[in-house]
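Worksheet: the structure to be examined is printed underneath.
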Amino acid sequence: MRFSPLTTRLRGLLLAAPVLLLTSCSKVSGLGLEEGVTSVNDQTVPLWQGAWIAGGVVGVITLILILWPAVFHRGKKDGPEFPKQTQYNIPVEVAYTVIPFIIVAVLFFYTVQKQNVITNTTGNYSHEISINAFQWSWQFEYPEAGPEAVVTGTTGQPPTLVVPIGESVRYTLNANDVVHAFYVPSFAFQMQALPGVTNYFQFTANKLGEYRGYCNILCGRSHTYMRFNVKVVTLAEYNAYLETLKGSPA
Ligand SMILES: [Cu+2]
């Protein structure tokens, strides 16, 4: 079968699309997620990029399968009224059952693998911070500075969570009343705060700076004001901050 120049060009274009997509993805940043901010980002950004590449490949193949018959198998003027009708093509049906299953299984595998790393709190950690969510603000406790080292925010004055750079911190997350969620977009991290259940997570912050945090589960009238700041500081600044909290509850 010989292809006309137009057909050859079209074939080249269709084949080039996935290649172009793959090469551009490797250069694209975190596709909306920040990179390198914490040890969580190191897990979630590659997962996010991989999911987009997988989605792109599936999308391009699907587009080819739609365009191919539309371009090359159009109704012909002098052709039959209907093309040959085929039913129950077993290999095709097996393929379109097995392929999506494989796609889901691969995405599931990588998601569980990354999630296990993020929620693994059995490793060594240097600091501990307790986070308490309540209607409608946050309370941060620094047990290493004593029982009085507690910072409580209000809707009008969101509290600041101070975190040392390069140090592994284990966080304990609780809720006083209803379900809330601890969400820091820059850290690509969110975890639910549940009343009566203690959740744990652990990560290392790797970039100095101030980040915004939110409760991102609707928790009542003033949910939208349930914000906080995260400040990543040097270890010396962190220790100095703990000193200011000792014996003077804020
Ligand atoms: Cu909330």
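Scope of the values below: all heavy atoms of this structure, side chains included, with no hydrogens, waters or symmetry mates. Indexing begins at 1, ligand by ligand and atom by atom, following the structure's order. Starting from 1, each residue takes its place in the sequence as its number.
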(request) Could you tell me which residues satisfy ring pair (Phe, Tyr, Trp, His ring centres under 6.0 Å) with Tyr183, sequence neighbours excluded, listed by chain and number? (result) none

(request) Look only at the side chain of Tyr142 and the backbone of His127, and say whether a donor-acceptor pair between them is shorter than 3.5 Å. (result) no

(message) By the salt bridge (charged side-chain N to carboxylate O under 4.0 Å, His left out) test, which pairs, at least two apart or in different chains, include something from residues 106-131?
(response) Glu128-Arg170

(request) Quick one: which residue pairs count as a side-chain hydrogen bond (donor to acceptor under 3.5 Å, both in side chains) with a foot in residues 92-105, not counting sequence neighbours? (result) none

(request) Evaluate the ring planes of Phe201 and Phe182, with Trp represented by its six-membered ring, and classify them as parallel (under 30°), tilted (30 to 60°) or perpendicular (over 60°). (result) tilted

(request) Report yes or no: do Gln135 and Ser222 form a side-chain donor-acceptor pair below 3.5 Å? (result) no

(request) Take the Cu ion (ligand 1) and tell me which protein N, O or S atoms are nearer than 2.8 Å. (result) His180 ND1, Cys215 SG, Cys219 SG, Met226 SD

